[in-house]
Trainee: 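So that we are looking at the same thing, I have put the structure below in structure tokens.
Since the structure is predicted, the reported quantities are computational estimates derived from the model, not experimental observations. By convention in this document, chain letters (A, B, ...) are assigned in the order of the sequence lines, proteins followed by strands, and residues within each chain are numbered from 1.
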Amino acid sequence: MAEKKMVSLTIEGRPVSVPEGTSILEAAKVVGILIPHYCYHPGLPVAGVCRMCLVEVEKALKLAPSCATSVAEGQVVHVHTERALEARKGVLEFLLINHPLDCPICDQSGECELQDYTYQEGRADSRYRDPKRFNPVEDFGGDVLYVPNRCILCTRCVRFMDDVAHETVLNVSDRGDRAIIGKFEGKDLTHPWSGNVVDLCPVGALLSKDFLNKARAWELDRVASICPSCTQGCNITIETRDSQVARLKPRPNEDVNRFFMCDYGRLNYRWMNRTDRAELPLVRTEGELRSIDWDIAIHAAASLLRDARTFVLASPMLSNEALHLLSRLMQRKGGAGAFRVATGEEAPLAGVEDLALRRDRAANVNGAQMFGFQRSERPLEAMRDGDVLVIADDDLTGIAADEVARASQVIVIGTTLPGAASAAAVLLPITNFSEEEGTFTNLRGRVQRFMQARPAPGLARPSWLVLGDLLGALREQDSFYLPSDVFAKIASSHPAFSGLSYESLGMRGLPVLESETAGAAR
Amino acid sequence: MPINIKVLDRPIEDVSYLKATLKGMALTFKHLVNPHKVTVQYPEEKWQISPRWRGTHRMLTTETGKAKCVACGLCPTVCPANCIKLVPGEDEEGNRYPLIFEIDEFRCIFCGYCQEVCPEEAIHVGRHYENAEYSREGFVYDLERLTAQTHPVCEMWDPEDPRGE
């Protein structure tokens with residue numbers, strides 16, 4: 001960036017200095033002015049087809065499309081002059097000629113740019129008296145539904161498929177006022193990243209079938225998070241309605257996922273809403289698991305762990321905080337720990353460097369390895385007979401009960417009580433990923449924070465709190481009150497994390513020290 | 001007597017109750033012979049209520065008897081008392097339709113915003129005031145109940161004077 005020449009200009013009376021080649025639209029964002037636009041998207045090549053971003057540039061004859069006009073030295077730009085407003089009003093009127101105005105039944109309503117800008121600077125009524133064009137709803141395959149009547153032909157979806165996904169599926173079919181978005185013969189939107197066209201669509205023309213008629217945009221509560229479905233660690237927003245996760249949306253992060261997320265991650269959220277959860281701490285008394293007070297359950301678990309070698313079956317879905325505390329638990333008496341990872345096929349997004357749906361379908365594989373857990377297909381093989389087995393959020397699918405039974409005692413710290421662990425002595429219910437705060441380390445060693453999106457079920461507690469209390473009961477350390485305290489402990493005890501804190505991570509994350517990740521990631 | 005009590009000397013016309021009594025009786029008698037009656041023999045007779053009266057709700061239906069509601073979610077959003085519960089879904093034809101639409105008439109403050117905001121002219125407040133129920137649950141009107149009600153609905157403004165001037 002340093003070698004790029006800086007250009008100074010004035011936008012709406014505010015002086016701004018940006019690198020040469022920046023568009024006026026991006027320069028306006030720097031000084032906090034949003035120029036209305038449809039076809040422009042920072043993640044896509046510039047098309048300049050919607051004519052919505054017209055602004056007045058002094059000494060220029062015509063209005064300039066701000067998305068396709070580079071800044072020039074000494075330029076004076078006016079966004080809200082009468083001429084510019086009149087032009088944009090005209091554009092909006094044309095866009096609305098064939099728009100059905102079915103906002104009450106449109107899923108985009110509330111987050112629709114056509115709606116927003118029309119309220120901002122459009123006409124209150126239409127002068128068009130003829131019947132509107134009508135085209136039937138079309139299934140584009142995958143998770144995408146196309147409602148051509150609402151389409152404003154910004155071609156964001158076409159450009160995404162062509163230039164980012166590198167799979168030519170969509171085009172603009174027909175001409176003039178009959179033009180609609182079409183699919184090429186025999187092609188479907190089955191690309192593993194095609195769901196992004198729904199986010200890119202500024203209006204309600206491309207809809208997610210999964211989210212169809214589920215909730216209104218203004219009813220959703222939004223929380224910044226990290227996609228837990230693979231080791232890529234895409235930044236996402238969890239959107240909940242009545243504390244139920246309704247959908248996941250990508251959150252821009254230039255260093256990880258830019259503006260995108262894959263369909264697998266996008267649709268893999270139903271497990272967060274699971275209702276068959278462990279909600280009460282259980283302790284085996286007189287041969288039967290009985291619900292009991294948290295303090296007693298923690299002490300019951302601590303008394304089992306006090307003098308025994310511990311084997312931890314961890315889950316790569318746990319946060320760094322939980323895994324760090326688990327590793328302390330396992331190292332106390334020279335124990336060991338292992339975890340397993342579900343795998344799938346890698347699906348890269350061709351147009352973005354180093355962005356793919358990764359083979360390892362769990363968020364914190366790198367973190368689990370950095371904290372000393374062994375990755376294994378058959379994790380319990382490393383367990384010695386007579387160890388105390390701590391099952392931390394592994395659902396034990398494919399693991400036989402007699403394999404678990406080699407342990408002298410079983411403690412389950414998890415969101416459910418797996419059938420194969422029904423002989424457990426203690427069950428400590430923890431919250432799942434969407435119900436707690438923490439950090440994940442992605443496959444490039446980037447530590448990123450996620451926030452709590454839903455309340456915990458029943459008496460379940462966050463994993464870091466349960467494990468901190470357990471270590472406290474074992475006189476290893478004091479209990480923690482905040483996840484940031486646990487992270488501070490990690491930063492002070494692991495060289496790779498040194499210097500990091502929740503404050504410095506912010507909402508975009510930071511990489512751990514290079515030398516450490518190089519060893520652990522392999 | 002340790003305390004001296006001062007007795008005021010009042011003129012008899014101020015102290016006498018006779019004048020006030022006669023005045024009151026005169027008023028009563030005036031109303032007795034007044035031909036304009038205020039009392040209504042409810043329930044045999046009923047008051048004529050205003051066309052803008054806002055009472056318990058009614059959901060209007062299409063010709064096929066289905067509720068006009070498209071579950072757009074504007075009424076639960078605008079409702080200041082938070083008394084409308086709406087869960088959107090799809091009907092048999094795949095159109096947007098409320099799976100659950102409930103109005104808690106106990107919570108409702110009868111402001112009429114739901115009727116005003118409705119883009120489909122589906123939900124209306126009614127010109128109706130006889131709402132007695134035997135149970136509290138009876139005051140949570142579901143979609144079936146709302147569509148089955150037949151009382152006239154509120155006219156948000158007087159058709160003779162739409163601007164209220």
Trainee: Identify the residues of residues 188-210 of chain A whose heavy atoms come closer than 4.5 Å to a heavy atom of chain B, ordered by number, or report 'none'.
Mentor: none
Trainee: Could you name the residues of residues 115-149 of chain A that have a heavy atom within less than 4.5 Å of a heavy atom in chain B?
Mentor: none
Trainee: If you count heavy atoms of other groups shown closer than 6.0 angstrom to CD of B:E63, is the number above 12?
Mentor: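 Atom CD in B:E63 is not crowded, with 12 or fewer foreign heavy atoms closer than 6.0 Å.
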Trainee: Is it the case that over 12 heavy atoms from other parts of the model lie below 6.0 angstrom from the CD atom of B:E144?
Mentor: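 Counting neighbours around CD of B:E144, 12 or fewer heavy atoms of other residues, nucleotides or ligands fall under 6.0 Å, so no.
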Trainee: Checking B:L86 against chain A: side chain, backbone, both or neither under 4.5 Å from a heavy atom?
Mentor: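 For B:L86, the backbone is the part near chain A, not the side chain.
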Trainee: What residues of residues 104-113 of chain A sit under 4.5 Å from chain B when only non-hydrogen atoms are counted?
Mentor: A:P104, A:I105, A:D107
Trainee: If you check every heavy atom in residues 119-129 of chain B against those of chain A, which residues fall under 4.5 Å?
Mentor: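 Within residues 119-129 of chain B, the residues under 4.5 Å from chain A are B:P119, B:E120.
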Trainee: For the OH atom on A:Y264, are there more than 12 heavy atoms of other groups (residues, nucleotides or ligands in this structure) within a distance under 6.0 Å?
Mentor: yes
